[in-house]
Amino acid sequence: MISLTVNGTEHSVDADPDTPLLYVLRGDLGLDGAKFGCGLGQCGACTVLVDDRPAFSCLTPIAALDGRKIRTIEGLGTPDRPGALPAAFEAEQAAQCGYCIAGMIMRAQALLERNVRPTEAELRRHLAPNLCRCGTHMRILRAVRRAAAAMGGEVQESAR
Amino acid sequence: MNGLTRRALLAKGSLVVAFASSGPTQAQESEESTSLPGDLDKYPFLDSWIRVDAADRITVFTGKVELGQGLRTALIQIAADELCVSPASIELITADTGRTPDEGVTAGSHSMQNSGMAILNAAANLRVLLTETAAWRLVTSVDQIELQDGSAYGPNGQHVGYGDLVAGFSLHVMAKPDVPRRSKGRRLIGESVPRVDIPAKVSGHAAYVQDIRAPGLLHARVVRGPSFGTQLKQADIDAVTHMPGIEQVVRNGRFIAILAAKEWDAVKASRRLQAAGWERRAAPLPSTDLCDTIRRSPARDIPIFDYPGPPAPADARIVKARYSRPCLMHGSIGPSCAVALWENGNMIVWTHSQGVSPLRKALAELLRLPLEKVRCIHVEGSGCYGHNGADDVAADAALAARAVPGRPVRLQWMREQEHGWEPLGSAMVVELQGALGRNGRIVGWRHDVWSNPHNGRPISAGGLLAGAELDPPFAPQRPRPIPMPEGGGDRNGNPIYAMPNARGVYHFVEQAPVRVSALRSLGAHMNVFAIESFMDEMAQAAGVDPVDFRLIHLQDSRGRAVVETAANRFGWKRRVNGRSGRGCGFGFARYKNLGAYCAIAMEIAVDPDTGGVEVRRAVAAVDSGEAVSPDGIRNQIEGAIVQSLSWTLLESVRFDTGGRTSFDWSAYPILRFPTAPTSIDVHLIDRPGEPFLGVGEAGQGPAAAALANAIADAIGHRLRDMPLTPERIRAALRS
Ligand code: FES
Ligand code: FES
């Protein structure tokens with residue numbers, strides 16, 4: 001049994017210590033937000049926060065997570081009471097298929113918690129590990145800008 | 001799919017509505033011959049499309065599917081508008097072979113034309129029936145009746161609910177062809193209604209087939225060689241069967257699937273089998289460039305178009321160019337997935353296939369079951385952009401599920417499998433020759449395009465990967481060219497411009513060295529890239545501004561409006577000077593010359609040291625007939641521009657003689673945030689009353705051409721071979 005703290009709740013999980021967090025979140029804890037995209041740390045569909053930093057849950061074995069604070073998109077709100085980023089994504093209609101979106105939101109969350117006034121170049125660099133095949137990039141950027149404003153900050157224009 | 005339980009899963013599965021009674025056969029037998037709009041013509045009975053229950057709840061049926069393009073919302077909007085109810089009061093059932101009309105494949109930007117127009121007209125028919133019945137019930141005249149929010153109101157406020165009204169007549173009646181649309185009251189069509197699927201998608205709630213859970217569900221992985229044309233070497237199945245957590249290893253010929261209660265156990269076991277190594281089954285791939293191979297292969301020549309006119313005069317200037325595109329991948333972010341359940345002799349498959357009906361037929365053949373024993377239900381997956389692994393994985397899941405009756409089986413491909421096995425968009429070559437008269441007009445044009453097929457979608461067991469693996473195997477499906485006016489490799493090979501003495505030939509190369517099928521916009525991406533690059537080359541030869549040169553040759557008034565709007569909104573006349581490391585380009589097409597119009601102007605900057613391209617801004621103008629959801633259209637066009645930039649700038653599937661070598665995102669890089677444009681603006685030209693035109697594929701070609709033209713403008717050299725990579729730009733700058 002391995003104990004994991006996810007969205008503030010402690011769970012004991014009966015899984016091999018080498019199991020990547022992603023499979024435990026989806027399979028054992030029923031949290032569907034993080035998605036399997038590549039299992040290789042190349043796409044970000046599986047992004048969650050570990051101790052407030054973005055992590056590829058597809059590559060992080062649960063053995064490495066004892067005592068660490070794990071957060072997933074489910075911890076940011078519900079469809080009825082969304083957090084600042086999900087609300088901004090909804091307002092900007094920032095999804096096509098949406099498969100990448102939970103990962104995008106979690107990575108953006110890490111940035112805005114650390115710095116609510118990033119520059120546009122910082123924002124784009126920060127989101128670079130996450131892929132979107134539908135080409136929703138412009139809306140995703142707009143949504144993060146909107147969320148930054150809602151959190152009392154601003155994404156500042158900058159040369160790229 | 002939120003909270004999908006086994007019971008819900010089964011309830012869905014057991015719900016069998018005798019759809020055939022409303023099916024196309026009766027329509028064909030009937031004497032009615034006037035054609036009805038969209039797919040209403042194939043399924044003319046109103047209850048194929050709309051039903052109303054006693055509690056006034058409205059259910060709308062479509063055979064098309066949500067792919068992230070916003071179709072679900074647009075169709076609800078259309079029905080709600082015509083029936084004077086809020087979008088929230090409509091339930092929409094999408095493609096399910098047990099419940100909905102067979103509208104074929106959701107592809108080719110046809111959904112709004114076919115399903116949207118059908119639902120619009122079915123709803124208009126229902127509105128008339130409701131109004132007439134209400135007038136009779138409330139003892140007044142039809143023009144005194146107001147429909148609102150599920151009730152019909154008479155002049156004195158007396159009212160009766162839709163459910164009550166519908167109880168008084170049959171919806172199993174043929175639609176009338178000439179029913180006018182609602183003319184009074186607030187309109188929903190034309191409003192940017194928020195998409196119904198987005199709240200679940202931005203909050204991490206189950207939205208995809210990948211998220212289906214059910215008690216007793218088994219996770220499965222399929223094991224095959226690394227890429228199409230290869231097979232696994234003899235693997236030690238027994239060792240894997242005894243690995244912890246493995247429930248079963250299913251074998252049938254070369255088909256192998258591993259089932260486990262825990263997904264990670266299935267993954268580990270599949271890796272162990274995969275480690276046995278692989279060998280090539282098919283003939284080795286040519287070691288030459290695929291474009292050259294296709295250009296030299298035996299081909300069937302198919303005329304694309306022939307615009308009459310006198311031969312070019314002897315003093316005409318001749319311009320020639322050759323363009324090419326490598327194989328491209330769909331590259332869904334989520335590898336393909338399906339859930340299958342084999343129970344009581346029935347196979348139910350939850351799938352993100354774009355064509356549940358053809359898939360059902362192929363699966364029935366594969367499983368040697370009568371058609372009525374197979375049901376395919378569409379559930380959203382990761383965006384697909386054409387024929388990806390969706391159908392193949394549905395077959396894999398069904399074969400795995402057949403070994404464990406009563407237990408749902410969820411099978412997802414691994415990333416390497418999606419990259420290695422998905423059908424690719426074909427490599428293509430276009431050669432163009434133009435003649436320019438002394439007056440600066442085009443006086444001759446010749447378009448030759450070479451391509452492998454663009455439609456390998458399964459219609460039989462041989463069209464599925466597993467079909468070739470079973471013992472005995474099914475014969476592979478033989479691809480056919482898609483005839484014009486839609487076209488496949490020749491799609492949009494016919495220029496929209498008015499020009500005499502113009503011809504085009506599609507050199508259809510049936511023998512594909514690699515697995516190919518439909519990728520968003522089929523040949524249009526390449527043909528528009530080539531034609532619109534060539535228009536710039538001709539304009540330059542004529543010494544005319546590229547936009548003016550297009551307008552000189554463009555008679556279609558809607559096309560002209562789109563070109564002019566994009567140019568004006570961009571500020572084309574005041575654009576930055578080219579050849580300064582900055583440049584501007586323009587691209588325009590009407591998709592298939594039948595669908596939506598799209599013009600794009602783009603400004604870029606090229607870094608002379610790295611050859612990297614920065615897209616400063618893109619401005620698009622779009623006419624897609626009557627706009628149902630302006631924001632939905634913008635979302636599609638923005639996405640098409642970004643995706644097409646990725647294809648055109650960066651992408652190329654790599655091969656060696658053993659097979660594909662692009663197995664992941666490092667070997668097949670696509671656009672990431674730092675390379676996304678600084679801004680994209682989309683301007684709509686709404687055409688109320690005109691038929692809806694899908695926009696899903698309208699932007700791919702124009703975006704590619706605008707980019708190529710902008711690069712040529714910026715660096716003074718034309719790049720004609722995709723992808724337009726930094727290396728190629730650096731090489732051009734050095735030359
Ligand atoms: S799934 Fe984890 S990075 Fe792609
Ligand atoms: S919205 Fe489809 S992958 Fe990003």
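By convention in this document, chain letters (A, B, ...) are assigned in the order of the sequence lines, proteins followed by strands, and residues within each chain are numbered from 1. Keep in mind that the numbers below use all heavy atoms, side chains included, and drop hydrogens, waters and symmetry copies.
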Mark yes when over 12 heavy atoms from residues, nucleotides or ligands other than A:R117 sit less than 6.0 Å from its CZ; otherwise mark no.
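Atom CZ in A:R117 is crowded, with more than 12 foreign heavy atoms closer than 6.0 Å.
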So what's closer than 4.5 Å to chain B heavy atoms on [X]: side chain, backbone, both or neither?
X	result
A:R142	side chain
A:A143	neither
A:M106	neither
A:I105	side chain
A:L123	neither
A:D18	both
A:Y23	side chain
A:A45	side chain

Residue pair [X] / [Y]: nearest heavy atoms and the distance that separates them:
X	Y	answer
B:I198	A:A95	CD1-O, 3.9 Å
A:R124	B:A676	NH1-O, 2.8 Å
B:R672	A:N130	NH1-N, 4.0 Å

Donor-acceptor contact below 3.5 Å, side chain [X] vs main chain [Y]:
X	Y	result
B:K201	A:Q96	yes
A:R125	B:P674	no
B:R415	A:G37	yes
B:R213	A:D32	no
A:R133	B:G334	no

Please look at [X] and chain A and tell me whether the side chain, the backbone, both or neither of the residue comes under 4.5 angstrom of a heavy atom of that chain.
X	result
B:W647	side chain
B:S646	side chain
B:L671	both

For residues A:Q42 and B:D664, is any side-chain donor paired with an opposing acceptor at under 3.5 Å?
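Yes, because at least one side-chain N or O of A:Q42 sits under 3.5 Å from a partner of the opposite role on B:D664.
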Evaluate the side chain to side chain contact (heavy atoms under 4.5 Å, CB included) criterion for residues A:K35 and B:I333: first the C-alpha distance (whole Å), next the side-chain angles of each, then the deciding distance (0.1 Å), finally the verdict.
CA-CA 9 Å; A:K35 300 283 184 255; B:I333 294 302; over 6 Å; no
Might you work through the side chain to side chain contact (heavy atoms under 4.5 Å, CB included) test for B:W665 and A:L40, ending with a clear yes or no?
CA-CA 9 Å; B:W665 296 120; A:L40 304 164; over 6 Å; no
Closest-packed option against chain B by number of heavy-atom pairs under 4.5 Å, given A:T72, A:L141, A:T136:
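The residue among A:T72, A:L141, A:T136 with the greatest pair count is A:L141.
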When heavy-atom pairs shorter than 4.5 Å are enumerated against chain B, which of A:A91, A:A102, A:G33, A:C38 gives the highest number?
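With the most close heavy-atom pairs to chain B, the winner is A:C38.
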Partner chain A: residue of [options] with the largest heavy-atom pair count (under 4.5 Å):
options	value
B:E263, B:E638, B:Q643	B:E638
B:D265, B:D631, B:D197	B:D631
B:Q69, B:H419, B:H330	B:H330
B:V642, B:V267, B:L217, B:V202	B:V202
B:E66, B:H219, B:Q412	B:Q412

Can you measure from [atom1] ([X]) to [atom2] ([Y]) and round to the nearest 0.5 angstrom?
X	Y	atom1	atom2	answer
B:I680	A:M138	CD1	CE	4.5 Å
B:H205	A:E74	NE2	CD	7.0 Å
A:R26	B:W264	CZ	CH2	14.5 Å
A:R81	B:S203	CZ	OG	14.0 Å

Can you tell me which residue pairs pass the ring pair (Phe, Tyr, Trp, His ring centres under 6.0 Å) test with a partner in residues 81-117 of chain A, sequence neighbours excluded?
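Matches after skipping sequence neighbours: A:Y99-B:Y208.
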Are the charged groups of A:D16 and B:K262 less than 4.0 angstrom apart, N to O?
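Answer for the salt bridge query: no.
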Any side-chain heavy-atom pair from A:H126 and B:F673 closer than 4.5 angstrom?
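With C-beta onward as the side chain, the pair stays apart.
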Who passes side chain to side chain donor-acceptor pair (under 3.5 Å) against A:R146, sequence neighbours left out?
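In terms of side chain to side chain donor-acceptor pair (under 3.5 Å), with neighbours along the sequence ignored, A:R146 is linked to A:E92.
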